[in-house]
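Heads up, the thing below is written out as structure tokens.
For the single chain, residues carry numbers from 1 onward in sequence order.
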Amino acid sequence: MAGVEQPCYTLINFPTDSEPYNEMQLKIDLEKGDIKKKIEALKKTIGIILSGEKIPGLLMIIIRFVLPLQDHTIKKLLLIFWEIVPKTSPDGKLLQEMILVCDAYRKDLQHPNEFLRGSTLRFLCKLKEPELLEPLMPAIRACLEHRHSYVRRNAVLAIFTIFRNFEFLIPDAPELVANFLEGEQDMSCKRNAFLMLLHADQERALSYLSSRLDSVHGFGDILQLVIVELIYKVCHVNPSERSRFIRTVYGLLNAPSAAVRYEAAGTLITLSNAPAALKAAAACYIELIVKESDNNVKLIVVGKLSALREVGGAAAARALPDLAMDVLRVLAACDLDVRRHTLHLALELATPRHAEELVSVLRKECARAHSAEHEDATKYRQLLVRAMHRAAIKFPEVAGSVAPAMMEQLGEGGETAAQDVMLFLRHALHSFPDLRSTIYEKLLESVKNIRVGKIARSALWLVAEFADTPERAAAALDVLAELLPADNGEAQSEEASKPEAPRQLVTSDGAYVTQSAFSVQQPSTTTSTKNGLSEAVRSGESFTAACACSALCKLALRLEDPQQRLRALLLAAQLVAYHKLDANETGGLTTDDIEHAALCARAGLEQSGVVRSALLQGSRRALAALLALPDRALPDIMPDVEHEQTEKKTERKVEIEQGISFGMLAGATAPQQHDMFELSLSKAVQGRTAPSSASAGSLSRVRQLTGLSDPVYAEAIVSVNQYDIVLDVLVVNQTDDTLQNCTVELATLGELRLVERPSPLVLAPRDFATIRAHVKVASTENGIIFGNIVYEVSGASLDRGVVVLNDIHIDIVDYIHPAGCSDADFRRMWAEFEWENKVSVNTTVTDLRVYLDHLLASTNMKCLTPDKALSGQCGFMAANLYARSIFGEDALANLSIESPLHRTNGPVVGHVRIRAKSQGMALSLGDKINLMQKSPQQKQTENPIPAA
């Protein structure tokens, strides 16, 4: 197999549109040019080698004419050049020229300039040829005694790397570094030496630490971080050592460095599960969140706190609630995500002992948020309203103090949080009978100012539904009578305001006039007082007026006085008449709304027992059933986290064959738990992985690019990471000729960009090679990668051969994942997003639920509609779907399908409406649904919806 990529540790960015090089000109510049020309030529040479091409003729020229120079820029460029240049011949033996280079290394290690010594030592860490390193070992050892700390600390790193890769070159490295550590004073040198002992000889590192446990707090932060790592590793392997080091870890919680405190808190949690340890670690985390300015750090540490609460068990349940109020200090941050995580955590930690103080802090935050002018102020107020709602339901004793604060957030109903306030009022009026009178009075006072139709309809329903005493019903009727139009009074006011007929008058100077200044019509003041709910009912949406008629009907059924009943029905009739007479100005009522208003008036007039039961008791029973649903009991603050917690509780399954591990009985040979540092490193390196692709393996991602009968066969393994796509292209020479300059030329279509051009290679007869290409992803859209393979046949006079590659289609499903959101947020985003794509259902599937499951499995979206609403067989289905991309973009979909009535087993018909903020995402998701309808059904692997 031909090796294409050489190991390289230095990443350098070169422009792709640079001019083609001339080897002869490079030789002239490197041999006879001045310092500036040699620097430019050396840079071009490095770029050429990094692009995959080989220039063997330049190696000796650089050794003869460039290597002896003492210019610092050339010295730095030469270190990069020696790192990337091939140092061995095709048979694996070291090149003879590298002996001269090795002598230059030795001279640089003895150079009086400490920068050159240190840079050379750093370069030696990257060498993989022991033949080059062996002659340099005495010089590397001598650098441990250099006067400058920069040289000494790089010498320690060089010894560490050489010992790890080639132990036979310096077998006494741990002893050498341990003696160096005993006499060293510089903190960076001590850190590097201690780090080597940590990985090479833990016993020596442990003995050094044990003799200095009392002075650890005076060490520098870089050394303290390594000490924390050593303590964790030692206690992880040998738990009996925990009591020896736990006092040191406790002391490091007060270290000046934030990084040391963070690592010390994480290590303390692993060493001890005592409530005192958990409380100290949590307090340290809270201090870090408050004092750190970076929002990413705040989110990470808040996540650590949440994980500590989940895995801490009974000890965390006893220790952490005392810190609930300290967590609220994080609300001083300006980032909305940090505040959301903080409110969710504080509500989870709070106990009845902290309920009053919690609500007091939330009320102060609401008052402070009203005066804020940043862009997320309205969303933050909505978050605070939801948090107070959850607090009132979780701690009913504070509901009385929450209600007035909620009313202050209502205003005219234009706020984003107004709908959440109405949801709280609905929940509070139903769940807290003792507070119903107080809350109802506050509602009647606030309802006059509401002018937004949606909020006005909710308020009218609450006013009529909870007027369950004659006193409340009479008070509600008086309030509505002031706001609703009355034809008689307005007619009289209009007649009174009619101007008198103009009369001819004679002024004092004898002139004739037809109008006096006193007879000028004054502007009417009645229209200026029409605001709030009155304006919403008079000139708002037609459905708002119909809801007002329904509320008046309910009040008529609840009132005992016949005169009051008649008054309520008369107001409803006047409201309908008002809209009918002023249809040109208000738009009039729709046919459905007129029919609804007429039915309400008739029901209130007849007072039928069945109607009374349906309107008065039936609606209350429906409300109780609605609030009993798990997803409607409390408002969502963090929908994704809460849905994941619910799924974990419901899907906690253990295989019957899985063994139980007892740590006390396992012994030394038992497999240990995973290392925290190794796990975090592996997660950071591997990035985002799709569960389906991980389980199927890399063979499921193989795409055939050429035919089996083509001169060059190619196939690629497509790996989709978070922000890039990696193509591992296997190229096979199927001819008996040597192919020269065999190049895979790729191009992209869509929001994709090729990072680097694959370098050409030479393929022997029947040989093969692997080429790797990286494609950068810019947005969540479908994309296409296409291209061809170009080659030349050795010794032939023919033109270049070309093999066209099959297109690689990049699917949008690779970049979106299921997510959750509340119904209110879904409706808000549906109204805000401007790009809509309507896809007609064209499938052979006959079952509604089967089509929905197939859609969810194919598009990687999540169904927000609860299972109970989807159960049953009624011939039609409507469901809301939601997903979020790795770039934070939201994708909404509404499924409306039905079974045809004229065909018993006919295919499903309907449409899917998609909305997104960007046009590309809406179109790409629509294309995916069209492809899904033509593909065979696939089973949904995550969060399946049970069949009805």
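Applying the 6.0 Å contact sphere to CD of Glu397 captures more than 12 heavy atoms from other residues, nucleotides or ligands.
To the nearest 0.5 Å, atoms CG (Leu336) and CD (Gln382) are separated by 9.5 Å. Summarising the geometry, atom OH belonging to Tyr440 is positioned 9.0 Å from atom CG belonging to Leu462; distances are rounded to the nearest 0.5 Å. Interatomic distance, Lys862 NZ to Leu881 CG, rounded to the nearest 0.5 Å: 12.0 Å. Expressed to the nearest 0.5 Å, how far CE of Met325 lies from NE2 of His354 amounts to 7.5 Å.
In this structure, Leu253 and Val260 have side chains that are not in contact, with every pair of non-hydrogen atoms separated by 4.5 Å or more. Taking 4.5 Å as the limit, every side-chain heavy atom of Phe424 sits out of range of all side-chain heavy atoms of Ile393. Between Cys821 and Met829, some side-chain heavy-atom pair lies under the 4.5 Å cut-off. Considering only heavy atoms from C-beta on, Ser458 stays 4.5 Å or farther from Arg426 through its side chain. Between Tyr380 and Leu331, the closest side-chain pair of non-hydrogen atoms falls below 4.5 Å.
With sequence neighbours excluded, the residues that form a salt bridge (charged side-chain N to carboxylate O under 4.0 Å, His left out) with Lys279 are Asp322. Every residue was checked against the salt bridge (charged side-chain N to carboxylate O under 4.0 Å, His left out) condition with Arg827, not counting sequence neighbours, and none meets it. Here Asn273 pairs with nothing under the side chain to side chain contact (heavy atoms under 4.5 Å, CB included) rule; sequence neighbours left out. Every residue meeting the side chain to side chain contact (heavy atoms under 4.5 Å, CB included) condition with Glu471, not counting sequence neighbours, appears here in chain and number order: Thr469. Every residue two or more places apart in sequence or in another chain that forms a side chain to side chain donor-acceptor pair (under 3.5 Å) with Thr544 is listed here: Arg457. Taking the side chain to side chain donor-acceptor pair (under 3.5 Å) definition, one finds that Arg368 meets it with Glu365, sequence neighbours left out. For Asn296, there are no side chain to side chain donor-acceptor pair (under 3.5 Å) partners at least two apart in sequence or on another chain. Applying the salt bridge (charged side-chain N to carboxylate O under 4.0 Å, His left out) test to Glu832 and every residue at least two apart in sequence or in another chain returns Arg828. Asp337 is linked by a side chain to side chain donor-acceptor pair (under 3.5 Å) to Arg340, counting only residues two or more places apart in sequence or in another chain. With sequence neighbours excluded, the residues forming a salt bridge (charged side-chain N to carboxylate O under 4.0 Å, His left out) with Arg620 are Glu465, listed by chain and number. With sequence neighbours left out, the side chain to side chain contact (heavy atoms under 4.5 Å, CB included) criterion links Glu408 to Arg363.
Side chain of Lys298 to backbone of Ile289: a donor-acceptor contact under 3.5 angstrom is found. Using a distance-only test at 3.5 Å, with no hydrogens or angles considered, a donor-acceptor pair links the side chain of Arg339 to the main chain of Ala333. Looking only at distances, a side-chain donor or acceptor of Ser401 sits under 3.5 Å from a matching main-chain atom of Val398. A donor-acceptor pair under 3.5 Å is formed between the side chain of Thr270 and the backbone N or O of Thr267. Side chain of Ser272 to main chain of Leu268: no donor-acceptor pair is present (N/O by atom type, distance under 3.5 Å, no hydrogens or angles). Checking side-chain atoms of Arg261 against main-chain N and O of Ala255 turns up a donor-acceptor pair under 3.5 Å. Judged by distance alone, with hydrogens and angles left aside, the side-chain atoms of Glu263 form no donor-acceptor pair with the main-chain N or O of Val228 at under 3.5 Å. Using modelled atom types, one side-chain atom of Lys394 and one backbone atom of Leu347 make a donor-acceptor pair closer than 3.5 Å. The backbone N or O of Ala403 lies less than 3.5 Å from no partner atom in the side chain of Lys442, so there is not a single donor-acceptor pair. Side-chain atoms of Thr865 come within 3.5 Å of backbone atoms of Asn880 as a donor-acceptor pair (strictly under, hydrogens ignored).
By the 4.0 Å N-to-carboxylate-O rule, Glu889 lies too far from Arg884 to be salt-bridged with it.
Screening Arg386, Arg381, His389 for a side chain to side chain donor-acceptor pair (under 3.5 Å) with Asp420, the sole residue that qualifies is Arg386.
For the 3.5 Å distance criterion, the side chains of Ser437 and Arg472 qualify, holding a donor opposite an acceptor.
Stacking of Arg436 on the aromatic ring of Phe466 is not recorded, the 6.0 Å distance cut-off and the 45° axial limit not both being met.
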Extract all donor-acceptor atom pairs below 3.5 Å that involve side chains of residues 242-251 and protein atoms in other chains or at least two apart in sequence.
from	atom 1	to	atom 2	distance (Å)
Arg244	NH1	Glu241	OE1	3.1
Arg244	NH2	Ser210	OG	2.2
Tyr250	OH	Ala277	N	3.3

